[in-house]
Number of protein chains: 2
Amino acid sequence: MDRNIAAKFIDYQVSCKDCCMANVCLPLGLSAVELDQLMKIIDRQSPMSRGEHLFQIGEPHKSLYAVRSGSIKVYIPTEGGEEQVHRFILPGELLGFDAIEGGKHTCAAVALETTSVCAFPYHRLEKLCHTFQGLDHELHRLFGKEIANEHDLLQLLAKKSAEARLASFLLDLSNRLKKRGFSEREFNLTMSRHDISNHLGLAVETVSRLFARFQNEGLLTVRRRHIQLQNMPEIKELFVNVSPTTSKRRIAPANRKGNIGGSYRLRKVKAAQV
Amino acid sequence: MDRNIAAKFIDYQVSCKDCCMANVCLPLGLSAVELDQLMKIIDRQSPMSRGEHLFQIGEPHKSLYAVRSGSIKVYIPTEGGEEQVHRFILPGELLGFDAIEGGKHTCAAVALETTSVCAFPYHRLEKLCHTFQGLDHELHRLFGKEIANEHDLLQLLAKKSAEARLASFLLDLSNRLKKRGFSEREFNLTMSRHDISNHLGLAVETVSRLFARFQNEGLLTVRRRHIQLQNMPEIKELFVNVSPTTSKRRIAPANRKGNIGGSYRLRKVKAAQV
DNA sequence: AAGCCGCCTTGATCTGGATCAAGAAATCTG
DNA sequence: CAGATTTCTTGATCCAGATCAAGGCGGCTT
């Protein structure tokens, strides 16, 4: 019986068809034949534990990777021990596009929790592309998606206020989790406040304060890394608002002078001084 | 004689081999046969004049484009008439990757001056990729490059101070111009201060002040849109310095208290109060 | 050459979010 | 389970860069 289960487990591991991420992963949109071929080149790695690296900066590029379960932080170590957290990868998402041009990874990837990934050796993938148009097209689409993602993030960092950044981060996460069959309203963050703030180009303290404020405003409930989004429409509102740089409005303009409490005050408080 | 010149001109227009951008454009790294085929699918557009759009947001995706001469601004119009300037395209550079996933352009492209481009109809390009491995590989490389570019910009916007942003912008421009056979030290900006500031996530006034400061510090000479970089090593220094967010140092720390003149003061001034 | 208009610069002031400084909770460790 | 560490929160203060407000300088039109 034990062996049976083990066998089943291994089988489950090996087949894309049975993988619960099949509908969001690379195999999406491939024909049965293409899928069969693709599966043959997949190199399954043994599960990684928290803190273990999938690849380090400068390592030669070998594969594109798909996360099967767990989550990964992609970051760029900078001179002076600092880092820039680039993105977080959820199950069914790919990584490793960064090294295609130069042949070496330009960033590092580390597991945030116990994580398992599928590796697609890149040279074999490219070869396969020449045989199967569908795969090549799919790969191009994924490249495009990668680029579109970066665009969004750019937009965010160039123009949005701190609150819009955090709102956007949470909504994005919520969306991606939903697509993958998880709850869109309730989830656990696998990354630290430090990682989040770094990723959003903010200070940890700011993120912490924003979480507190959002909670006070009834937008969400947060207890350490556990998040429940209570009022998604209103969170979306925050996200739409552009940054102080470009914006005219934000809050009732009439209140602005009165709102001397500073930026960390609740926005919903009726400004007594007005 | 006139016809002769005209004929020569047209010929020059049509052949990648004779195009002065051949060594930085898509054809780079292709075999003669591949190049021949590629040239057959190129759709040459008539030159665009300043302000004319190559594509608008939401338009269906037809082609990848290569700029042959002139320059293009890629931007995302946002609700409320604002825009986010995404990047500037120089001769020999490609654009149009943004629409591959969704089939529609997610941004708009407008000529900053008289500009001519080559269009590679995308479906024909993909088809060609199946015949010629070299082309497919090249395309992948370009995708990768596009992604790497975005990474750099992200890094910049997430972490760098205003002065580092402008320094980086100028150095990047200088580099790209050099690669294309133009002077790396002296050039004319084809974009307005507004475009630059928007691109860098800053206010116009800040960019203006920074130009003034850089000039006072002897780093460069600027007269309206004409730029001469005088001290590139020192500009590179500025760029390396990370933003206030992450950094510890910046200027002699001892001077910080003394430097009450505010951020727009010259950095080289010996702080009298120390 | 005078008047207009769209860029660009410069000065003064304001503010969102960083930084500094303490705790409070979890988590780790022996 | 006490102490040590790491992670997170909260408060006070500070400052880089935004915003507001005037000009200045070309270039264009008539």
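Just so it is clear, the values below take in all heavy atoms, side chains as well, and ignore hydrogens, waters and symmetry mates. Numbered from 1 within each chain, the chains take letters A, B, ... in sequence-line order.
When Glu52(B), Glu83(B), Glu113(B) are each tested for a salt bridge (charged side-chain N to carboxylate O under 4.0 Å, His left out) with Lys73(B), only one passes: Glu83(B).
What separates CE of Met191(A) from P of dC8(D) is a distance of 11 Å, to the nearest Å. The distance from atom CD of Glu205(A) to atom C1' of dC20(C) is 8 Å, rounded to the nearest whole Å. Taking atom CG of residue Asn188(A) and atom P of nucleotide dA26(C), one finds them 14 Å apart after rounding to whole Å. Look at CG on Asp195(B): it is 16 Å from P on dG6(C), rounded to the nearest Å. Distance Arg213(A) CZ to dG17(C) P: 9 Å, rounded to the nearest Å. The distance between atom CG of Asn198(B) and atom P of dC7(C), rounded to the nearest whole Å, is 14 Å. Between the P atom of dT9(D) and the NE2 atom of His194(A) lies a distance of 15 Å, rounded to the nearest Å. Across the protein-nucleic acid pair, Arg165(A) atom CZ and dA18(C) atom C1' stand 12 Å apart, rounded to whole Å.
No side-chain donor-acceptor contact under 3.5 Å links Ser49(B) and Thr114(B).
The side chain of Arg224(A) has dA26(C) as its nearest neighbour among dT10(D), dA21(D), dA26(C). Proximity note for Arg193(B) (side chain, C-beta onward) versus dT9(C), dC8(D), dT10(D): the nearest is dT9(C). Ranking dC20(D), dA18(C), dA26(C) by closeness to the Arg223(A) side chain, first place goes to dA26(C). Closest to the side chain of Ser161(B), from the set dA18(C), dG17(D), dC20(D), is dG17(D). Set against dC8(C), dG17(C), dA12(D), the side chain of Arg209(A) has dA12(D) as its closest nucleotide. Nearest nucleotide to the Thr206(B) side chain, out of dC20(C), dA18(D), dG17(C): dA18(D).
Within a 6.0 Å sphere centred on CZ of Arg50(A), other residues, nucleotides and ligands contribute 12 heavy atoms or fewer.
Proximity of a side-chain donor or acceptor of His105(A) to a complementary backbone N or O of Glu59(A) within less than 3.5 Å is not detected.
Look at Arg225(B) and you'll find a side-chain N or O under 4.0 angstrom from OP1 or OP2 of dC8(C).
Among the protein residues, Ser192(A) comes within range of the sugar-phosphate backbone only, with heavy atoms under 4.0 Å from sugar or phosphate atoms but none that close to a base.
Between Arg176(B) and Glu93(B) a salt bridge is recorded (basic side-chain N to carboxylate O distance below 4.0 Å).
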